[in-house]
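To start, the structure under review is shown below, and the notes come after it.
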Amino acid sequence: LMPSDTIMLPRDKLLGFATEGGSRLSHVAILASALRIPAVVGIGAFVDDIESGEFALLDGTSGTLTVRPTQLQIDGFQSQVVRREELEERFSVITTEPAVMKDGERVHLFANLELPDELERIAESGVDGIGLYRTEYGYLSREDLPSEDELYQDYKRVARAFKPLPVTFRTLDLGADKALPLLRNHENLEGIEHLRSIRLCLRYPDLWIPQLRALWRAARHGDVQIMFPAIPGVTEFRAAKELALTVRDDLKREGVACADELRMGLMIELPSAVIVSDLLALEADFFSIGTNDLIPYSLGLERAYMDATMVSEPYHPSIIRSVRHVVQEASRHEIPVTVCGEIAGDPFYVLPLIGLGVRRLSMSPASAAQIKRVLRYATVGEAEAFVGSVLRLPTAQAVDYELHRYLLEHYAHLLVANVAASE
């Protein structure tokens, strides 16, 4: 599936889906989570072995698809559903409470937003605002480019819905598996298949300017900040800021109501940005670490094709050390830093992130309650001691094993993912 296919799936006819290819870091998996569609991705060849009309059990939490299950498996599956619901009910009281650790340390949890239709559900998750609004998904469900006014109405709605809480809009991150057919066929966008994200926007500003204008206008209606994706270094970040400021000046010259200022930050998702994060920290108002891209770019992998054999790669020592370096540079220059990739909502990763100094996490709203549960029972000292031991491990597999061993030993009673394992 492509992201645009996923958005267009008939929701009234769909219980869930499984794919042979893909990974849990893929845009399709992220969209499935946002749309609350149970999904299992990257499980290898299976379609040819299934006949139409056969019965199957799909578990998006454990990532399993059981074809032609026995009655014993069906009974066990139904029991797991009941136990998960009981666990969620038992801890539902903390859903709308702040994320506070056992020793009183405050951690700010934000939501990732893909489509404005998610606003009501996110508001119920008790988060501290929107840490990552993936604005490109508003383009993927269309057959033509949205107008400035259409974008403005969407962005104003989001800003107002969370006021006075902050909303971080990531500017257009199109390209790769999020390239639009209408862009590929556009006569003035030659070579677009070789460009992505900020490079695409800077090469073709006419594509980007309507969004920037809409963002400046919407910023009057809430606490809005913007961040630029896939920034490789200072040159591109300066160019993006300069164009954004030029757009604001044009709006004012035209007499169009807009904000006077916007905080501007960047996503650190390329190894080059990690290495020069000390230089970028001099230019940016904030950082967001986008581990979904940082992981495959750092390890020479294709994000959309990280299958089940690569399950340990998010725990690679280089990723943990990269996060540590960026957090240290952000702290040294006194700018906030948020982790907004899928690992931010991974209960097995939360203690290392806290131990590295991260206090701002942005995740799928569905993950917030479970992360709060773990934080409630943990202390900063524990997290720092734990990550110190993890940083000495030499391989992704060793880190993966230690994180899961430790969390299951100390926090198993809090984890929804552990329900199936305990059956």
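Computed over heavy atoms, backbone and side chain alike; hydrogens, waters and symmetry mates excluded.
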Do [X] side-chain atoms and [Y] backbone N/O form a donor-acceptor pair below 3.5 Å?
| X | Y | result |
| --- | --- | --- |
| R359 | I354 | yes |
| E329 | V326 | no |
| Q73 | T66 | no |
| S367 | M363 | no |
| S197 | A230 | no |
| W208 | T171 | no |
| D285 | M264 | yes |
| D154 | P116 | no |
| E85 | V82 | no |
| H333 | I335 | no |

Test salt bridge (charged side-chain N to carboxylate O under 4.0 Å, His left out) applied to D250 and R253, step by step: CA-CA 5 Å; D250 289 343; R253 190 178 306 111; 2.6 Å; yes
With a 4.5 Å cut-off on side-chain heavy atoms, are [Y] and [X] touching?
| X | Y | value |
| --- | --- | --- |
| R332 | D278 | yes |
| F169 | L132 | no |
| V323 | V358 | yes |
| S277 | F287 | yes |
| L299 | H316 | yes |
| C201 | L207 | no |
| H221 | Y152 | yes |
| T291 | E342 | no |

Is any side-chain N of the basic residue among [X] and [Y] closer than 4.0 Å to the acidic one's carboxylate O?
| X | Y | result |
| --- | --- | --- |
| R405 | D400 | no |
| E382 | K102 | no |
| R220 | D260 | no |
| D223 | K163 | no |

Whether Y133 and Y155 hold their rings parallel, tilted or perpendicular, with breakpoints at 30° and 60°: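 Taking Y155 first and then Y133, their aromatic rings stand perpendicular (interplane angle over 60°).
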Check against salt bridge (charged side-chain N to carboxylate O under 4.0 Å, His left out), D173 and R134: CA-CA 8 Å; D173 186 14; R134 295 180 169 106; over 6 Å; no
Test of ring centre spacing under 6.0 Å for H413 and Y377: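 That pair passes the under 6.0 Å test.
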Heavy-atom count check: over 12 atoms from other residues, nucleotides or ligands less than 6.0 Å from [X] [atom1]?
| X | atom1 | value |
| --- | --- | --- |
| R324 | CZ | yes |
| L15 | CG | no |
| E334 | CD | no |
| F46 | CZ | yes |
| E150 | CD | yes |

Criterion side-chain contact (heavy atoms from CB on, under 4.5 Å) on L113 and I122, from CA distance to verdict: CA-CA 8 Å; L113 173 67; I122 291 177; 3.6 Å; yes
Salt bridge (charged side-chain N to carboxylate O under 4.0 Å, His left out) between D149 and R213, intermediate numbers included: CA-CA 9 Å; D149 283 337; R213 289 174 62 93; over 6 Å; no
Full working for side-chain contact (heavy atoms from CB on, under 4.5 Å) between I130 and F162: CA-CA 8 Å; I130 302 296; F162 280 89; 3.7 Å; yes
Side chain to side chain donor-acceptor pair (under 3.5 Å) contacts in which one or both residues fall within residues 384-396, not counting sequence neighbours: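 Sorted result for residues 384-396: empty, none.
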Qualifying side chain to side chain donor-acceptor pair (under 3.5 Å) pairs with a residue from residues 227-245, counting only residues at least two apart or across chains: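 Only R238-E283 qualify under side chain to side chain donor-acceptor pair (under 3.5 Å).
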Nearest 0.5 Å, please: how far is [atom2] in [Y] from [atom1] in [X]?
| X | Y | atom1 | atom2 | value |
| --- | --- | --- | --- | --- |
| R217 | L212 | CZ | CG | 13.0 Å |
| L301 | I295 | CG | CD1 | 9.5 Å |
| Q370 | L375 | CD | CG | 11.0 Å |
| S79 | I74 | OG | CD1 | 13.5 Å |
| I226 | L266 | CD1 | CG | 11.5 Å |
| L109 | L361 | CG | CG | 6.0 Å |

Give me the atom names and distance for the closest heavy-atom approach of [X] to [Y].
| X | Y | answer |
| --- | --- | --- |
| A396 | P317 | N-CD, 3.6 Å |
| G233 | V276 | CA-CG2, 4.3 Å |
| P232 | I198 | CD-CG2, 4.3 Å |
| T135 | R170 | OG1-O, 2.7 Å |
| V40 | D59 | CG2-O, 3.5 Å |
| S288 | M227 | OG-SD, 3.3 Å |

Test side-chain contact (heavy atoms from CB on, under 4.5 Å) applied to I289 and V337, step by step: CA-CA 7 Å; I289 304 176; V337 57; 3.9 Å; yes
D128 and its salt bridge (Lys or Arg N to Asp or Glu O under 4.0 Å) partner, picked from R106, K372, R360: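 With D128 as partner, R106, K372, R360 yield a single salt bridge (Lys or Arg N to Asp or Glu O under 4.0 Å), made by R106.
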ring-ring contact (aromatic ring centres under 6.0 Å, His included) evaluation trace for F386 with Y406: CA-CA 9 Å; F386 180 49; Y406 188 89; 4.3 Å; yes
Check against side chain to side chain donor-acceptor pair (under 3.5 Å), N112 and S364: CA-CA 5 Å; N112 294 341; S364 166; over 6 Å; no
Sequence-distant partners of Y349, ring pair (Phe, Tyr, Trp, His ring centres under 6.0 Å), two or more places apart: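 Partners of Y349 under the ring pair (Phe, Tyr, Trp, His ring centres under 6.0 Å) test: Y315.
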Residues L262, V224; criterion side-chain contact (heavy atoms from CB on, under 4.5 Å); working and verdict: CA-CA 7 Å; L262 270 179; V224 170; 3.9 Å; yes
